[in-house]
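Residue numbers start from 1 in every chain, and the chains themselves are labelled A, B, ... in the order their sequence lines are given, proteins ahead of strands.
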Number of protein chains: 2
Amino acid sequence: MNPIKPGVAKSSARTSVLSDETYGKIKEMIVKYEISPGSRVNIDALSLQLKTSQTPIREALARLESDGLIKKEPLKGYSATNLLTLEEFHDLFQFRLLIEPWAAEQAAKRITTEGKRILNLEMKSTMKTLKQKSVDEFKSLTEHDARFHKLISQLSGSKSVESAFERTHCHLHLFRLYMAHRLHLIENNSRAKFVEGLFEQYYQNGSGQLAIIEHSAISNAIIDGDSKAARASMHSHIQSSLKRFSTSVE
Amino acid sequence: MNPIKPGVAKSSARTSVLSDETYGKIKEMIVKYEISPGSRVNIDALSLQLKTSQTPIREALARLESDGLIKKEPLKGYSATNLLTLEEFHDLFQFRLLIEPWAAEQAAKRITTEGKRILNLEMKSTMKTLKQKSVDEFKSLTEHDARFHKLISQLSGSKSVESAFERTHCHLHLFRLYMAHRLHLIENNSRAKFVEGLFEQYYQNGSGQLAIIEHSAISNAIIDGDSKAARASMHSHIQSSLKRFSTSVE
DNA sequence: CATGTTGGAATCGTATAGGATTCATCAAAG
DNA sequence: CTTTGATGAATCCTATACGATTCCAACATG
């Protein structure tokens, strides 16, 4: 006879984007190797861990599958995708080579005062951060790298290019390879050499920051409105990365 | 002690890809204008209509949102995205201009006997279909167009390019615009002119099939292994489409 | 006429039960 | 001892009911 049911969860102040939050959390778990490549993803376990029901988990996993970060096998369940093979990595960089130089070119053509400000801020704050060696240098660099390339894709003014770049999740894949290396999970020799190439992309001779130098060139060209130089410098930036990988493996 | 369970052969033969099926069905509903642009998408109604529970619907909608075909507003629900604006359309074609000529070039470089066979088959069967005027000509043409461009993206050998092209859903957007026109849903004048340009992409002077002619040039170049010609013809194919739209609007 | 309140409708998230399938273990036969 | 088949547990997938929150619109009041 009691109309009020006790024991109902109190959870209030819900912003109601729970499935979005869940998406971000699971994605972060993948990046941070809490979900290792190829391993199974258990829905029940996740719902316990994230303290949510299955529905948001399923929605998040569906989106992640669409992103190519999670694989769904019809009657077996979900699992994280494997690390990129060399071929896939090469393919990914080839794709970046198609769209990013164009994006840089467009960014130079369309650059505004506000755009210059943001671009300058990104470069300056990164250099400042790198001066104080206390933090994980590689982490700072890759995070800057992700922000930088995303920013340029946005400055291109093309939603298609921006979202296509976003969906490559290239920095996520890079970071996952980096984590695999740190955790000594890469036994294959050629793969190990490949990851060494990954480091070389960011460090030059173990001292300077190669990426920052190349990024500066791109950034300056865009701010100067020099579209040809912007395209060329972005092209050589990606090209040289790709070449470094290729030579370190082959 | 009968080990054989009776009544098992009930609903077997379940391929258990119900959420995938649902995804396809909803997508088809969007293309076919059963779900009109901008309108709300009710989960309960869909589950009734498709005779399934809410869970597969939710997963499908999450994927469709990731595809940009469905929009999710936090506490209001799902709705179909609007028709492409002129700017978005221009942007989309600009993106195709970035990746498809490259795809055609690569296809010409990598073409195999099997690839030639498939490409020839696509062209021949389409021409044959168009000879018998009984069917909806526009429908046949757009379906061929979708298959043709997808095929070339596959022949490029780049998974990144293939999936990036796939995710543009460009033919879905085209067909939706076409449907909007047929249903007299486009009142705006410039929008109407725009759709007229859409028709011109496929029909030349109301008689010949422009797309088929241009496709033949591309197809021949690929089969001949002439990568330069393949790139050039694909570029001009997309470029001229884009130009036709621009002039018909401006 | 404008504004605040209140009620219903719709949607989101939760919880739970049960059918279906896969995987691994184990027993039996050759 | 090896191979084959069956049994049971774990997991996935579906279905359904319910509570909580928010939006929308009608209504009353100053």
Side-chain angles (χ1 to χ4, degrees), chain A residues 1-26 29 35-36 38-66 69-81, chain B residues 1-26 35-36 38-66 70-81:
Chain A
M1 277 144 53
N2 190 352
I4 300 171
K5 287 209 188 146
V8 175
K10 293 279 172 65
S11 62
S12 60
R14 174 74 37 78
T15 52
S16 179
V17 282
L18 200 143
S19 74
D20 292 344
E21 276 177 42
T22 307
Y23 171 79
K25 283 182 184 171
I26 298 179
M29 288 170 73
I35 299 175
S36 54
S39 69
R40 298 284 286 274
V41 176
N42 190 299
I43 295 180
D44 290 332
L46 271 181
S47 69
L48 276 176
Q49 189 175 349
L50 299 180
K51 292 183 176 50
T52 173
S53 75
Q54 291 193 356
T55 308
I57 309 272
R58 284 179 182 281
E59 290 186 14
L61 289 178
R63 287 174 57 188
L64 287 165
E65 191 204 2
S66 176
L69 301 177
I70 290 284
K71 198 172 46 177
K72 175 184 164 189
E73 288 167 285
L75 283 166
K76 293 180 67 177
Y78 292 93
S79 57
T81 54
Chain B
M1 299 289 228
N2 190 350
I4 299 171
K5 286 199 204 154
V8 172
K10 197 120 162 260
S11 66
S12 66
R14 168 85 45 80
T15 52
S16 179
V17 280
L18 201 144
S19 74
D20 292 344
E21 276 178 42
T22 307
Y23 170 80
K25 282 181 185 172
I26 299 178
I35 298 175
S36 54
S39 69
R40 298 284 286 272
V41 176
N42 190 299
I43 293 180
D44 290 332
L46 271 180
S47 69
L48 277 176
Q49 189 175 350
L50 299 180
K51 292 183 175 52
T52 174
S53 73
Q54 290 191 358
T55 309
I57 310 271
R58 284 206 156 93
E59 291 185 14
L61 289 177
R63 286 175 58 187
L64 286 165
E65 191 204 2
S66 177
I70 291 283
K71 200 171 45 178
K72 177 184 165 187
E73 288 165 286
L75 283 166
K76 293 180 67 178
Y78 292 94
S79 57
T81 54

What is the separation between atom [atom1] on [X] and atom [atom2] on [N], rounded to the nearest whole Å?
X	N	atom1	atom2	value
B:Lys72	C:dT11	NZ	C1'	11 Å
A:Leu50	C:dA15	CG	P	13 Å
B:Tyr78	C:dT11	OH	P	12 Å
A:Gln54	C:dA15	CD	C1'	10 Å
B:Arg58	D:dC13	CZ	P	17 Å
B:Ile43	C:dA9	CD1	C1'	16 Å
B:Asp44	C:dT11	CG	P	7 Å
A:Ile57	C:dT16	CD1	P	16 Å

>> How long is the straight-line distance from CD1 of A:Ile26 back to CD of A:Glu21, given to the nearest 0.5 Å?
In response: 12.0 Å
>> Distance check, rounded to the nearest 0.5 Å: B:Asn42 atom CG versus B:Tyr78 atom OH?
In response: 12.0 Å
> Judged by modelled atom types alone, do A:Ser79 and A:Lys72 share a side-chain donor-acceptor pair under 3.5 Å?
Replying inline: no
>> By the 4.0 Å heavy-atom rule, please label A:Thr52 as base, sugar-phosphate, or nothing.
In response: sugar-phosphate
> Base, sugar-phosphate, or nothing for B:Val41, non-hydrogen atoms under 4.0 angstrom?
Replying inline: nothing
>> Both B:Thr55 and B:Arg40 contact DNA chain D. Which one's nearest nucleotide lies toward the 5' end?
In response: B:Thr55
> Are B:Arg58 and A:Glu59 ion-paired here, with the side-chain N under 4.0 Å from a carboxylate O?
Replying inline: yes
> Is the shortest side-chain N/O distance from B:Asn42 to OP1 or OP2 of C:dT11 below 4.0 Å?
Replying inline: yes
> Quick one: is B:Ser53 getting a side-chain N or O under 4.0 Å of the D:dA15 phosphate, OP1 or OP2?
Replying inline: yes
